[in-house]
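Comments concern the structure below.
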Amino acid sequence: MSFRLFDAPEREPSQFVGFAGNRIDRQSELRGEDSVEKALANPAARLMLIREGRLFLKRIEDRFDAHFALDECHPLEARLDDAILLGFDESGPILAAPCLLDPESLPETIKAIDHRSIYIQGLIDPAALGALAQGAALLSWHASHGYCGRCGHRTEMRAGGYRRHCPACNIEHFPRTDPVAIMLSVTADRCLLGRGKHFAPGMYSALAGFIEPGETIEAAVRRETFEEAGIRLGRVVYHASQPWPFPYSLMIGCFGEPLNEDISADTNELEDCRWFSRGEVLAAMAGTHPGGIFIPPNGAIAHHLIGTWAESE
Ligand SMILES: [Zn+2]
């Protein structure tokens with residue numbers, strides 16, 4: 001049977017961004033209250049270990065492995081009581097756990113590397129990077145939601161880490177995903193890029209901002225583009241999304257059609273914001289821009305928005 005919903009590309013654009021390669025079977029409908037205990041009792045269980053924004057990596061010859069067997073976890077002071085079950089792959093259960101061992105005290109073969117460097121330097125394969133996005137986001141949420149937001153009582157982890165229960169007022173708290181709109185305003189021959197104040201010298205990127213409660217994605221894209229650049233948008237089109245574990249966002253990438261040309265940049269947010277020609281963008285992507293301007297790296301959704309437009313007919 002074949003039914004074409006609409007004329008969409010065969011490969012989703014989201015498949016090409018960093019942190020999107022997660023292949024874990026979450027089996028979310030089977031998560032019971034004892035799912036972590038059961039998974040830890042499985043000799044095939046493997047854990048991803050995280051401490052304060054860093055993932056522990058085992059060096060094996062010229063590559064890194066992000067998964068540790070149970071007997072490898074104990075010397076690293078993994079807190080198995082706070083482990084969460086990410087799901088299963090063909091080898092068995094995969095969990096994530098916070099780790100206490102000071103990165104300075106690690107054995108020679110183990111490194112604790114920050115998530116951003118792992119992603120930019122491509123230190124682990126796309127499936128493990130996707131699993132890191134899942135584990136890091138969940139562990140961050142648990143670390144900052146230990147107390148009930150309604151009554152202040154200590155909460156307890158449930159459902160393999162996908163819920164926290166308050167025993168005092170009996171309500172359930174669920175993990176957060178914070179949506180962020182990231183958007184590229186484009187015409188046939190120009191696109192709008194800005195420079196945040198904290199960017200590396202020379203880097204320009206797509207504009208971005210949090211989607212607020214009660215807003216559609218499209219409304220947030222229009223609002224942020226107008227607030228940051230003074231550009232009003234007509235049509236807005238969704239392109240791709242990217243899990244972004246800093247700490248638990250989902251980047252939602254869109255294109256927008258500008259209705260005016262004159263930019264009025266919000267100088268509190270942006271150091272600069274201007275139109276770039278296609279040729280200038282292609283040079284920035286190739287690293288040959290005469291002004292040394294460049295765009296975010298290949299795994300970033302901003303790179304894919306910019307590249308998709310620059311390389312389109
Ligand atoms: Zn409570």
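Throughout, numbering of the chain's residues begins at 1 and tracks the sequence. We use all heavy atoms of the structure for the numbers below, so side chains are in, but hydrogens, waters and symmetry mates are not. Every number for a ligand or one of its atoms is a count from 1 in the order of the listing.
No cation-pi contact links Arg51 to Phe56, judged by a cut-off of 6.0 Å to the six-membered ring centre and 45° from its axis.
The ring pair (Phe, Tyr, Trp, His ring centres under 6.0 Å) search around Phe276 returns Tyr204, not counting sequence neighbours. In this structure, His153 has no ring pair (Phe, Tyr, Trp, His ring centres under 6.0 Å) partners at least two apart in sequence or on a different chain. Listed by chain and number, the residues in a ring pair (Phe, Tyr, Trp, His ring centres under 6.0 Å) with Tyr162 amount to none (sequence neighbours excluded).
The two residues Ser117 and Ile113 come nearest to each other via the heavy atoms CB-CG2, 3.9 Å.
Take the Zn ion (ligand 1) and draw a sphere of radius 2.8 Å; the protein N/O/S atoms inside it number 4.
In the model, His165 has no side-chain atom that pairs as donor or acceptor with a side-chain atom of Glu156 under 3.5 Å.
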